[in-house]
Amino acid sequence: MAGLTATDRDRIVAAISDALTEVLDYDLPQLGEESRLFDELGLDSTGVFEMLMRLEEALDIEFDTDSLEMAHFTSVRSLADFIATEMGS
């Protein structure tokens, strides 16, 4: 994650929050980095695809689908870590 600042991290988490709100179509409760995407928020596999498209647009990044793993979608933190790594590379 070299080269990314705390502001970059905040921007990533905000983009995840915005994308989740749009995909899930309801206002999220206090969303924190420990929020679990599937277990707590109700994200499903269809939602993952839609969320990734929104994140690509919002963050001007293109994800390598070969590098995606289910572990990246455990929580907001794990997704933000993955995105930060992708943006830093």
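Any value given below was found using the heavy atoms of this structure, including those in side chains, with hydrogens, waters and symmetry copies removed.
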- request: Check salt bridge (charged side-chain N to carboxylate O under 4.0 Å, His left out) between Arg54 and all other residues, then give those that pass, not counting sequence neighbours.
  value: Glu22, Glu50

If you look only at distance, which donor and acceptor atoms sit under 3.5 Å apart when one is on a side chain in residues 12-21 and the other is two or more places apart or in another chain?
| unit_1 | atom_1 | unit_2 | atom_2 | d |
| --- | --- | --- | --- | --- |
| Thr21 | OG1 | Ser17 | O | 2.9 |

message: Is there a side-chain contact (heavy atoms from CB on, under 4.5 Å) between Leu41 and Leu24? Walk through the geometry before answering.
response: CA-CA 8 Å; Leu41 302 177; Leu24 297 173; 4.0 Å; yes

- prompt: When rounded to the nearest 0.5 angstrom, what distance separates CG in Leu79 from CE in Met51?
  reply: 5.0 Å

message: Is the shortest side-chain heavy-atom distance between Glu86 and Ser67 below 4.5 Å?
response: yes

message: With side-chain hydrogen bond (donor to acceptor under 3.5 Å, both in side chains) as the rule and sequence neighbours excluded, what pairs involving residues 35-44 come up?
response: Arg36-Asp39

Can I get a per-line list of side-chain donor-acceptor pairs under 3.5 Å for residues 55-62, giving both atom names and the distance, sequence neighbours left out?
| unit_1 | atom_1 | unit_2 | atom_2 | d |
| --- | --- | --- | --- | --- |
| Glu56 | OE2 | Phe63 | N | 2.8 |

task: Not counting sequence neighbours, list each pair that qualifies as a ring pair (Phe, Tyr, Trp, His ring centres under 6.0 Å) and has a residue in residues 17-49.
output: none

- prompt: Are Leu37 and Met53 grouped together when hydrophobic residues (ILVMFWY) are joined by side-chain heavy atoms under 4.5 angstrom apart?
  reply: no

- prompt: Within a reach of under 6.0 Å around CG of Asp27, are more than 12 heavy atoms found that belong to other residues, nucleotides or ligands?
  reply: no

Sub-4.5 Å side-chain heavy-atom contact between Arg9 and Asp81: yes

task: Could you grab the distance from atom OG1 of Thr5 to atom CG of Asp8, nearest 0.5 Å is fine?
output: 3.5 Å

